[in-house]
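Everything on this sheet refers to the single structure shown next.
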Amino acid sequence: MSATATITRKKEAQKPRLYDFAEGWGSIYGRYVRNDLSRRMILRYGLQTVLEAPCNAESYFSSPGTQSVVFAEAGCAVTLVHHDEEIVKKTRDFWAALGMGDVPVLKPKSMYDLPFKDNSFDLVWNFDSIPLFSDPARFIAEMERVSGYLVMIILPNTLNIGFPIHRVLTKVQGTESAWGDKEWMDSGRVKKVMHDLGMKIVAEGLVDMPPWPGFDVLSALGKTLRHNTVEAGEDTRTDAEVEQMLSKLTFIEYAKVPEVLKTPFSHQRYLIARKRGR
């Protein structure tokens, strides 16, 4: 190993990892391709200010708030909010360890009344969060209020080949889906809310299409992989090396084929809407 590579590894070891195999392959692959989507948005729309609400830092993410790091690295002023005080603290600590402790991470009194003026951000976004709200339409309206330009919502894709298995498992186990209300995973329903708010859909599509099903139907395999790569201490790859490895798994993601052929593999669908007058 060269001296430069050694120094790079030492610097990486001092910072939290953006791709942590403790989360499982599904999480890190999804983050990788969503980062690519975010970079394309920054270039296309000239984004400068970004709010992730809520920031995705739930219990299965060992690296909280990482999904908006890509915006900060591109020079955007990023703000994060979450309703859980513990997640807010965890996210603040994570960003501080990245050397970005000046990024605001806030806990609002209510997610339906965010502490920002109208039109405060170029982009307001979240992923996999809308179906978890008790009143999704009301929260989408709040996203629209504080956005001055774009709103992006990323939804779980119920046409993924893993979703029916997930539904059966939750019924058999008598549990609630961790992904929330199926009715609000319907992109048509979310688009109607956006349209009623006077927004125009400017882009939509599929994202997160690895060669395995979603909705944790391969959780047993995931546990095995996490044991091999994390608990055994064998995974020493830098984030750049992990991205290089993940790029080899995008043959479905970026295949030049009709969307209908990719839909069963896609874990998520995204909607990007522009505010009236922009």
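Start at 1 with the first residue, then count along the sequence. All values derive from a computational prediction rather than experimental measurement.
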How long is the gap from [atom1] on [X] to [atom2] on [Y], to the nearest 0.5 Å?
X: I154; Y: H267; atom1: CD1; atom2: NE2; value: 13.5 Å
X: W95; Y: D102; atom1: CH2; atom2: CG; value: 9.5 Å
X: C55; Y: F127; atom1: SG; atom2: CZ; value: 10.0 Å
X: E241; Y: L246; atom1: CD; atom2: CG; value: 12.0 Å
X: D93; Y: L98; atom1: CG; atom2: CG; value: 11.0 Å
X: E73; Y: M100; atom1: CD; atom2: CE; value: 5.0 Å

Polar side chain donor-acceptor pair, N35 to Q67, under 3.5 angstrom: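 Yes, Q67 and N35 have a side-chain donor paired with an acceptor closer than 3.5 Å.
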
Is the shortest heavy-atom distance from the side chain of [X] to the side chain of [Y] under 4.5 Å?
X: Y254; Y: D36; value: yes
X: L155; Y: D128; value: no
X: K117; Y: V146; value: no
X: Y29; Y: D208; value: yes
X: I272; Y: M41; value: yes
X: N119; Y: K275; value: yes
X: Y149; Y: V124; value: no
X: F133; Y: I140; value: no

Would you give me the side-chain donor-acceptor pairs under 3.5 Å for residues 103-113, sequence neighbours excluded?
from	atom 1	to	atom 2	distance (Å)
S110	OG	Y112	N	3.0
Y112	OH	S134	OG	3.1
Y112	OH	D135	N	3.1

Is there a donor-acceptor pair under 3.5 Å between the side chain of [X] and the backbone N or O of [Y]?
X: R17; Y: R237; result: yes
X: T170; Y: R167; result: yes
X: R145; Y: L114; result: yes
X: R39; Y: V70; result: no
X: S266; Y: K262; result: no
X: N157; Y: T263; result: yes
X: S147; Y: E144; result: no
X: D239; Y: Y19; result: yes

How close do [X] and [Y] get, heavy atom to heavy atom, and via which atoms?
X: L18; Y: R31; value: O-NH1, 2.8 Å
X: A203; Y: R44; value: CB-NH1, 4.5 Å
X: A273; Y: I201; value: CB-CD1, 3.9 Å

Atom CD of Q173 with >12 non-hydrogen neighbours under 6.0 angstrom: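 Above 12, so yes.
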
ring-ring contact (aromatic ring centres under 6.0 Å, His included) involving Y32 - partner list, sequence neighbours excluded: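 Checked Y32 against ring-ring contact (aromatic ring centres under 6.0 Å, His included); zero matches.
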
Nonpolar side-chain network containing L206, other nodes, edges under 4.5 Å: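 M209, F251, I252, F265, all in the cluster of L206.
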
Pairs meeting criterion side-chain hydrogen bond (donor to acceptor under 3.5 Å, both in side chains) with involvement of residues 183-195, two or more places apart: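 Applying side-chain hydrogen bond (donor to acceptor under 3.5 Å, both in side chains) to every pair that reaches into residues 183-195, excluding sequence neighbours, yields K191-E204, K192-D196.
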
The single option from M194, R274, R276 passing side chain to side chain contact (heavy atoms under 4.5 Å, CB included) against K200: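 The residue from M194, R274, R276 that satisfies side chain to side chain contact (heavy atoms under 4.5 Å, CB included) with K200 turns out to be R274.
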
Identify whether [X] and [Y] are in the same connected component of the hydrophobic contact network (ILVMFWY, side-chain heavy atoms under 4.5 Å).
X: L80; Y: F139; result: no
X: L37; Y: V78; result: yes
X: M199; Y: I153; result: yes
X: V207; Y: L159; result: no
X: I28; Y: V69; result: yes

Pairs where residues 247-257 contributes a residue and the test salt bridge (charged side-chain N to carboxylate O under 4.0 Å, His left out) is met, not counting sequence neighbours: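 Those involving residues 247-257 do not exist here.
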
Aromatic ring pairing F121/F116, orientation class (parallel under 30°, perpendicular over 60°, tilted between):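 F121 and F116: perpendicular rings.
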
Ring geometry between H166 and F163 (parallel below 30°, tilted from 30 to 60°, perpendicular above 60°):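 F163 vs H166 ring planes: tilted.
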
Evaluation steps, side chain to side chain contact (heavy atoms under 4.5 Å, CB included), between L150 and Y45: CA-CA 9 Å; L150 299 174; Y45 299 107; 3.5 Å; yes

In residues 46-54, what donor-acceptor pairs under 3.5 Å come from side-chain atoms, sequence neighbours left out?
from	atom 1	to	atom 2	distance (Å)
T49	OG1	D122	N	2.8
E52	OE1	S68	OG	2.6
E52	OE2	N56	N	3.1

